[in-house]
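Take a look at the structure below.
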2 protein chains.
Amino acid sequence: MGVSLKDVAQRAGVSIKTVSNVVNNSPHVTPQMRARVQQAIDELGYRPNLTARHLRKGRTGIIAFAVPELGNPYFAELAGAVIDAAARHDYTVLVDHTAGLRERELLVCQEFRSHVIDGLILSPIHLETADLVARHETSPLVLLGEREYEAPYDQIAIDNVAAARTAVRHLLDLGRRRITFLGSRTGQERQPAHLRLRGWREELAAAGITPDESLVVTTEGYGRADGAAAVTALLERGERPDAVFAYNDLIALGAMRTLTERGLRIPEDVAVVGFDDIEESRYGATTLTTVSPDKQAIARLAVDRLVDRLSGKPVAGPQRIRPGYRLVVRESSGGAGQGPPPEEGARGAAGD
Amino acid sequence: MGVSLKDVAQRAGVSIKTVSNVVNNSPHVTPQMRARVQQAIDELGYRPNLTARHLRKGRTGIIAFAVPELGNPYFAELAGAVIDAAARHDYTVLVDHTAGLRERELLVCQEFRSHVIDGLILSPIHLETADLVARHETSPLVLLGEREYEAPYDQIAIDNVAAARTAVRHLLDLGRRRITFLGSRTGQERQPAHLRLRGWREELAAAGITPDESLVVTTEGYGRADGAAAVTALLERGERPDAVFAYNDLIALGAMRTLTERGLRIPEDVAVVGFDDIEESRYGATTLTTVSPDKQAIARLAVDRLVDRLSGKPVAGPQRIRPGYRLVVRESSGGAGQGPPPEEGARGAAGD
DNA sequence: GTGAAAGCGCTAACAC
DNA sequence: GTGTTAGCGCTTTCAC
């Protein structure tokens, strides 16, 4: 169907190798030869078949980035950062979503797309250490996110316990005592929310407060609707928290919506702190205080790590890498009430 | 490096063809032969090399979906829908972003990744008809979004003029007369905002109101920050609109933030209508009235169209397809003030 | 039902 | 500098 090197060679009256040299900008081609070949290329509309090149070279230049949900702005923003970081190394990114299903996480890190992607960056939710240990695939894998594994792969995640403690500390400093945690799942201690919940427990204990487990609210998912539902449930069973620490910004935003609907003022009656620092948290009627992981660093570290392994460079064994984070205080906890500062607000997403 | 069919064949003491038959679930293999080969496959940890298969078959099963900005939830949500629609046809999606740069849009629809992707769904911003006409690539291309081209490709977009008119009609029905439009770019009549702006003009004119061009505010980009800046500019030059119709939800949300900061009440003082119906618009302190394009339909139509052409089915020539849309009235225009209805809010994004 | 051989389009050795 | 050749791993005739 397509035009191949052979066709071009025939047309230009040269050998395949010469055409290949021209296409690959080999220095050992005379200008007039280059011109002659180029003309044939243009006339025939030749385009190199990357699949064939990949087969020959044993690598494709594609890395996959698999996240639970693209609809969560945190991952969308992270994906953008990964694409940019990869582009700097001439890698293309295949963005994938697992919909938070264990089955799809397994598929992605197993044989799926074997030899089509050179490496994988995966943000798992349900994967177990055993799944990882049993992995057949030999292509490099970098893990992202809150879960920690005893498996021989690079893992990149901020210190979730410490970050959560910082958030809770902030609420305690504000004089809040009945701090609810939104986002744990029942009986799933190894679920993502685990570490942040532990931070909540530890910081409360450190402040001499016995963590009241009735203030921990189970959610089904990690979206705005879950945050809204959690607050509804909480209020209906008569709890009156003076602060909310949510597993992520989406849950926090959903919670804020319901709190406001119920006539509770933020932050006067209830202070709210989220996690992720998605752009949206800077633009609500009440801006959201949140733990801000350094997404650029996360993306860069993950891609660099992967590319190093891919390039065959001697790289140290699997590591746990801890990117930075910071607590961004905004209106929802009574912080600086002046709205988004110019430099933060300057980035604009493109339209449709 | 990898284990190939040949290795497995050797191990099992059969021919390559037989192994291939087993791998591809060909019916013409005896059970015991299948078992024997399967054992060799398991022992060696064989995985088919998809690159080689692709080269041989001339197709890869990958389609690309290129958007201006993944950080815009509209595109992130659409990407999720495209991935799901493609999965139903056993296609994998390569999500790409062009960062709204013409250069990258050109690259994506030209030779880029030639033979790696079978087809492309592109949402362009800066591409011109001429660029499309000059396209060399023969792989199928489906165009999405507001811009319309005189080029031989399928184009899928809601009727932007009519949708915008519906939005403005709604504001007029509410008794608003000074309706500002946020999101046009100066002197770029063919820019995306063009059709929605035309809808604004037409509907005002139809209502006997001369469109006041000083109520059209230019923005640099399409994000929350742009909406915020636009309103600031508008108010500072002394305008007092009683309604805002924004090019998209992000601009609308940014605008709402600034309006509230300036002490203007929504919707009492200023009614706001957006465009896109991103999930966020259902969860702010004030929920956002917006034009809701049917994203599922857009994704499905685009993928189906592409897959039909890919499968070599006889398909009618290039078409303009118009998916549905509806105006969702929420609090920002004084609509039903009861917050997100359960069925809409039920969808939860996964965590990190 | 299974085997042998050709070739998808390309690159990398190696000759000339 | 340029041409020739041998595969990369797979599927696909076509024999047997």
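Order of the sequence lines fixes the chain letters, A, B, ..., with proteins taken first and strands second; residue numbering starts at 1 for each chain.
The distance between atom CD of A:Q10 and atom P of C:dC10, rounded to the nearest whole Å, is 14 Å. Note: NZ (B:K6) to P (D:dC8) measures 6 Å, nearest angstrom. Rounded to whole angstrom, the span from the NZ atom of A:K17 across to the P atom of D:dA6 amounts to 16 Å. Between the P atom of C:dC8 and the CG atom of B:L5 lies a distance of 19 Å, rounded to the nearest Å.
Both B:L55 and B:T30 sit near DNA chain C, but only B:T30 has its closest nucleotide nearer the 5' end.
Of the listed nucleotides (D:dG9, D:dT12, C:dC10), D:dT12 has the atom at the smallest distance from the side chain of B:S20. The listed nucleotides are D:dT4, C:dC8, C:dG3; the one nearest the side chain of B:R56 is C:dC8. Listed nucleotides C:dT2, C:dA12, D:dC10 differ in distance to A:K57; the shortest reach to its side chain belongs to C:dA12. When distances are taken from the side chain of B:T18 to each of D:dG3, C:dT2, C:dG7, the shortest belongs to C:dT2. Distance from the side chain of B:S15 is smallest for C:dT2 among the nucleotides C:dC10, C:dT2, D:dT2. Closest to the A:V29 side chain, of the nucleotides D:dT2, D:dG7, C:dT2, is D:dT2. If you check D:dT12, D:dG3, C:dC10 against the side chain of A:N49, the one that comes closest is C:dC10. In this structure, the nucleotide among C:dT2, D:dT11, D:dT2 sitting nearest to the side chain of A:M33 is D:dT2.
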Notebook entry, point to check: Given the rule in the side chain to side chain contact (heavy atoms under 4.5 Å, CB included) test, do B:L78 and B:V67 qualify, once you have shown the distances and angles that lead to the verdict?
Noted result: CA-CA 10 Å; B:L78 196 54; B:V67 300; 5.8 Å; no

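With values rounded to the nearest 0.5 angstrom, A:I156 atom CD1 is found 10.0 Å from A:R300 atom CZ.
Between A:E43 and A:R36 there is no salt bridge, since none of the side-chain N atoms of the basic residue sits less than 4.0 Å from a carboxylate O of the acidic one. Ion pairing of B:E128 with B:R135 is absent here, as no side-chain N (NZ or NE/NH1/NH2) approaches a carboxylate O to less than 4.0 Å.
Using a 4.5 Å cut-off on side-chain heavy atoms (C-beta onward), B:D42 and B:Q39 make no contact.
B:R53 comes within contact range of the sugar-phosphate backbone alone, with a heavy-atom separation under 4.0 Å but no base atom that close.
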